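Here's the structure, in structure tokens; my notes come after.
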Amino acid sequence: MQIQAQRIQDAIAFTPFEQCQPLSREFANIPARPGIYAIRHKTDGLLYIGKTKSLRGRFSGGHKAFLWA
């Protein structure tokens with residue numbers, strides 16, 4: 001299990017930044033479904049990995065990553 005988790009984390013961390021969904025306050029574009037998400041900074045790398053019952057609800061309600069990113 002730990003090896004699988006490390007592979008997933010590496011895949012997220014090493015995906016080219018240009019292929020990532022930009023963090024914005026346009027919440028209508030974020031799906032209202034459960035999901036796992038990762039927050040990356042353009043230069044500082046992976047900041048946060050989390051899970052939620054509603055991706056749109058998680059970000060429209062605020063997220064500490066807005067302060068970091």
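When a residue number appears, it is its place in the shown sequence, counting from 1. Keep in mind that what you see is a predicted model, and the values were worked out from it rather than measured.
Between the side chain of R58 and the backbone N or O of G50 there is no donor-acceptor pair closer than 3.5 Å.
Put simply, CG on D44 and CD1 on I39 are 13.5 Å apart, with the number rounded to the nearest 0.5 Å. Between the CG atom in D10 and the OG1 atom in T15 there is a gap of 10.0 Å [rounded to 0.5 Å].
Of all non-hydrogen atoms in L55 and P31, the two that sit nearest each other are CB-O, 3.3 Å. In terms of heavy-atom proximity, A32 sits nearest to S54 at CA-OG, 3.9 Å.
Y48 is not connected to I12 by any chain of hydrophobic side-chain contacts under 4.5 Å among Ile, Leu, Val, Met, Phe, Trp and Tyr, and they are in different clusters. Residue I8 is grouped with residue I49 when hydrophobic side chains (ILVMFWY) are merged at heavy-atom distances under 4.5 angstrom, including chains of intermediate members.
In the displayed structure, I36 atom CD1 is contacted under 6.0 Å by at most 12 heavy atoms of other residues, nucleotides or ligands.
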